Structures are given as C-alpha cells and as structure tokens.
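Everything numeric here is computed off the predicted structure, so don't read it as measured data. Each chain gets a letter, A, B and so on, in the order its sequence line appears, and its residues count up from 1.
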Number of protein chains: 2
Amino acid sequence: MHYKLCFIGFGNVARNLVRLLERKRGALEREYGITYSVTGISTGRHGFAVNPNDLDVNQALQLVEDKQSIASLNNYQLPITDSLSVIQHSSADVMFENSPINYETGQPAIDHVRAALTAGMHAITANKGTVVHAHRELSELAKSKNKKFLFESTVLGGTPIFATFREAMPLADLISFKGIINATTNLILSRMEDGETFDEAVKYCQSIGIAETDPSGDIDGWDASVKVAALATVLMDSPLKPQDVQRSGIREITSQMVAQAKAEGKRWKLVASAERDGDKITARVAPELVDASSPLFGISGSSTGLTFRTDVLPDYSVTVSEREGMKGGPEETAYGSFADFIRAVK
Amino acid sequence: MHYKLCFIGFGNVARNLVRLLERKRGALEREYGITYSVTGISTGRHGFAVNPNDLDVNQALQLVEDKQSIASLNNYQLPITDSLSVIQHSSADVMFENSPINYETGQPAIDHVRAALTAGMHAITANKGTVVHAHRELSELAKSKNKKFLFESTVLGGTPIFATFREAMPLADLISFKGIINATTNLILSRMEDGETFDEAVKYCQSIGIAETDPSGDIDGWDASVKVAALATVLMDSPLKPQDVQRSGIREITSQMVAQAKAEGKRWKLVASAERDGDKITARVAPELVDASSPLFGISGSSTGLTFRTDVLPDYSVTVSEREGMKGGPEETAYGSFADFIRAVK
C-alpha cells in the first residue's frame, strides 16, 4: 500500500522523522508492504509547498537547513500560503502535526488535526496541546471517520507508553502512576549534585538545546503538568487540564538542600504523579526527597521513567536512560510518530 | 463475537486465568464485544471433560481444588481420556496451553499447540518450551491458518514484553538486552544480603511456592537461559537454544561474598544478557557484581527487569516490582495469556 504524507510544522522533530522514514524505507516495504511519498510541507518560517505527485523531501530538508524557502518546490496550480491549505490540497493519507505547542489553548495544532481527520487522513502529532485540550473530540472525530488520532511522541520522547497500554495491557485498570517525566529539571538537579549552581545547570541545559531561552515551562513544572494531564486524560479516561494538577517546580531547591540530601544518601527529584480515588483523579508535580530504595533514585541526568500501578500486574515501570548518542532528543521523539504511522495504516 | 475456549493443563496459572476471565467478563463484552464459554478442560491428575455447549467452569475449579475428577462434567458422546481428544472434540476457537514444561523437548506442549492450530484455533501458551523448541514452525503454521500463536506469559510473568516490541516498537532493531529474569534467584540473593544462608533462602522460596522441591532449574541458571533463548529467538529473529547460552548459576556465591559486596555498597545479581554481533548472537547467564549506578542494583527480592538497546530509542527498561498482594505469581502470569486472548481475537 502506498501512502501520501504531509508535514505540518517542519522543525527538528519533523525533519528527524523524515530522516527516519528515509532510513527505514526498505524495512517498511519489506516488513509491512508500506511505501510512501511526501505531498505537502508547511514550515514556520520557510514557506509552504504542495506537490500531489511526489515532493522532493531531501531537497526540502536541505532548503530549510540552509534557511531558504521551500516555496520553489510548490507544484500546485496555486501558490500555497498557510498550513490548512497544505492539508487541503496535499491529498495526503497521513498528516504529521509538529507545530509549536501552545499550552493554554492547544492551537493551532487542534485545528490542523481536525482538518486532517475531516479530510479523511490519519492524524499523528507530537503536540501535547492536542491531547490535553481536545482528546475526546479528536478521538471521536477520528473514530467517526474510521481514521486514527495518535500521539505517542507527546510524553516520554518517542518511548511507547500509550501504545503499551492500548495494545500490550488491554483491560488493565490503571490505579495510579508516578515518575520523572521532565528531562530538563532532572538534568539540572543531577548537575547540582555534581556541584554546579542552579544557574550554571540551567545554562548548560540551554547550551545543549534541551532548555528554552525562557526555561520556566520546565523549571516551574508546567511541562510535567501537561504530561501528567495527558497521561491521566488518556490512560485513566478522565479529562484533566494542566491547571488541575497541583504544581510546584524546582526553583526553591537550593544548592545547600541538594548537598545535604547527597550527604544523607538521598536525592531531590521533580516527581509527577496521579492517583484515582473513585471518580476523582488527584494529580501532582512537586519536588520530593528520595532515597536509594526508591526506583526514582537511579534515574539520573536526562533519563526519565514512570511506574504504573494496575489491578492485574505487579508495579510496572518503564525507564528511558540516556546513552552515548541517544539522549532522548528530537531524533528519538520522532520514533514515536514513526511507530504511530505504522500502527495507523497496518 | 462469541468464543469457545479450551484449557490444556489446569494448574495454578490456568485456574487463575479462568478467575481473571470471570472477573473481567463484563469489561470484555463492554469494551471489545467479546463473550466466551469454556468447552474443554484437560487436567494433569483430575481427568478430562468436554462439553461443546458450555462447561460449568466454576464447578470445574471447585472439583480440581477439592482434588476430585472433572470427568463428571464430560457431556461428549464418548469418554475423553487425553489432551489431544479434548482439543479435537471441544470445537474451541482458542486453546490455552499450560501443561508442565519440559526444557529439553518442549513436549507435549508443542503437540498441543500444533493440534490446536491445525484445527483452526488460536493457541496461547505460558510454556517457554514451545518458544525455544518450535517458535518458527508454530508461527508459520499459525500464519498459514490465519490464526495466532501467542506466548506473552513465558518471560516476565504476565508483563508485556513480546507485545511491546511487536505492537509498540515496530521496526526497532534490537541490538542487545540485559537484565534479571529469574525471580527465585534474585530473592535468594536478596535474603542472603539480609543475613540468611543460601539453604535458608532456598527453603524460604520453596515455602512460598516460587522454588520447586528440586530448585536446580532456577539456581543453576536453566530457567534464565530458557528465557534468554526465547527472547533472542523471537525479538532478534535468531533461533537460539538454551544450551547455546553460556550459563553459570548462583551456587558459587557464598554468604561471605554477599556480605563483602554489601560492605562495599554492591550487590551480586544473576544477570542474563544477549547481544547481536552481525549474524551472531552471544547470550549469557552469570552472576555479576553491580554497584548503585547500575539499573539492576535496585531490582530486589522477587522483582525482575530488562533493559533493551535498540537503534531508535535511548535504553528502554522495563521493571516489574513486587508489591503487597502482587508478587508476580500465577495470578499475574495469567494476565499475559488473558491479554493474548484479546489480541488474538480483536
């Protein structure tokens, strides 16, 4: 089967997704009989292109990385000037949504997903905003169109969490979960243990591209709260907004506190959790002092991990540990959307 | 959709599977539209019964637990006197295979699976022997019949490993894996750290039913070797026999060695691993001294865990931790087969 793909948002994650698709092109055809072409791209700052036959995606990568416009690749009868037109005219079967996140509204990502599903495409996103602000609506729309709305890349990079529950743990009732889901704050705390100040550790995270110029989304616990809300919304079937999460960040954790914890064989961690009590979900993001007996103690640097408590298995933990060349950056995040593509069409 | 089920082997795991099916009966119908009846049971010591309409499974549980024969429940036109006749006459859609394991041949479990698939049933087993001795043959037979051969319960209790790779991590190339996959030896080593002798710890494991009267299958690393072989066979697509695994057990680990490790902040663990190097797989089960920086250090008591290295994600670890009332026994092992049932028919 041949699938036409369009990309809305063409930043780091989307471009790594294209590279991963190209690298796995042979395996996709051999193992699943899947071939693909790219028929539309919408970028934030480098224009738009539609080519219903087959857009040269390697040229598009080159142009964007050279900071040039991709408009020269447009082969549609009209100039294309916005994302919704790319969706509308690309005749794609699958849309990959990677526009910048807006935590408060989930827009414009929600509009992109809605437009793609309405046009009969599968919609795959790495954008948490769509899940916390419109999971039920978009899932129902997808179902009514017999298409998929998938979002594996939103929580632990590209590591499978939603798919694991959906496919690998059917009818398991999730009672609670707890873990470390923001890599930036975990790396800051680890570097403070090694003697850096908070400001030095933040600067380091900015220098390697995992913290933003304004790092407050990570440091104040917003990113973790959005992820907790997304997990609870989907896995506990309980719509939860980020502002429903009791939230405190790591600003009040001083070098002295970190050093004292270390002297006692303990560590400060920014812990995210949610627990079901009847119909009510209590969700929380807050610093916690953990000792070596905690499964969170060993999750260091930019590693992350979650423990799930269900009615059918002992506590089930997933940990994602950085290693040389594999640190949970955009390349690995892209794998979640790649896997969603296979799940959507197979 | 209504499915007829038969059970070949009716020990602890199978009976817990029946109880789990009964507990989730409402959810199965509500979420997946699945209803079921039991039409055949083969026990090791309490006889055989076939009732193509609907066998009273709660009565069967009661009889076996009272150590009485289930032959009184047989409603077939002829007496049934062996497992293959149960398969043949049950007109089941799904067979659950839980006969005792034979590490050397995989029999009679392989014959049961072959008979069920040939008769057009899905075959679901908790028996590792079928995987290490006949994975390719049985998978191909299943495929030719458009049925499923599934075995999620064979490795980490009922915790999803095979399903996670198959469904949640498509086209990830597995480079290596490493972990603790035998709960009995891990509990023995943990209890030795707390001051018990090897013999005391073995006796404790026997008293709670996780070690056999002859505990050598666990202690000498056979059980772990069979699991490593099963994992490599399926996930690395490389048929590997238990005897291909370099194997040493924990008999040479003395109380002195455990105490000295503890004094140095380290722990002895029975570590299982496999690594691909070109077409060759090197697999190993052996005691290793690990320190607090190892993800294996925190896996204590009857907990187990595995770390997977792939080409697409940072190191991905799954840990299953015992908790009050959930220790990875037959009840949780049964969940793997329960989940396989849903995957097979949905």
### Message
Pair Lys24(B), Val312(A) - check side-chain contact (heavy atoms from CB on, under 4.5 Å), show working.
### Response
CA-CA 11 Å; Lys24(B) 296 278 189 184; Val312(A) 290; 4.0 Å; yes
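Heavy atoms from other residues, nucleotides or ligands lying under 6.0 Å from NZ of Lys148(B) number 12 at most. Few gaps surround CG on Asp194(A); more than 12 heavy atoms of other groups in view lie less than 6.0 Å from it.
Nearest heavy-atom pair, Phe338(A) versus Pro170(B), reported as atom, atom and distance to 0.1 Å: CE2-O, 4.1 Å. Considering every non-hydrogen atom in both Pro314(B) and Arg323(A), the closest pair reads C-NH1, 3.7 Å. For the residue pair Leu313(B) and Gly158(A), the shortest heavy atom distance occurs at CD2-C, 3.7 Å.
Contact count against chain A (heavy-atom pairs under 4.5 Å) is highest for Arg309(B) among Lys346(B), Arg23(B), Glu31(B), Arg309(B). Comparing Leu171(B), Asp340(B), Ile342(B) by heavy-atom pairs within less than 4.5 Å of chain A, the highest count is held by Leu171(B). Between chain A and the options Gly336(B), Ala27(B), Ala168(B), Ser303(B), heavy-atom pairs under 4.5 Å are most frequent for Ala168(B).
With a 4.5 angstrom heavy-atom cutoff, Phe297(B) does not touch chain A via any of its atoms. Of the two parts of Thr304(B), neither the backbone nor the side chain holds a non-hydrogen atom closer than 4.5 Å to a non-hydrogen atom of chain A. Residue Ile161(B): no heavy atom, backbone or side chain, is found under 4.5 Å from chain A.
Side-chain contact check for Tyr316(A) versus Ser321(B): every heavy-atom pair is 4.5 Å or farther apart.
Using non-hydrogen atoms only and a strict 4.5 Å limit, the part of residues 173-181 of chain A facing chain B consists of Asp173(A), Ile175(A).
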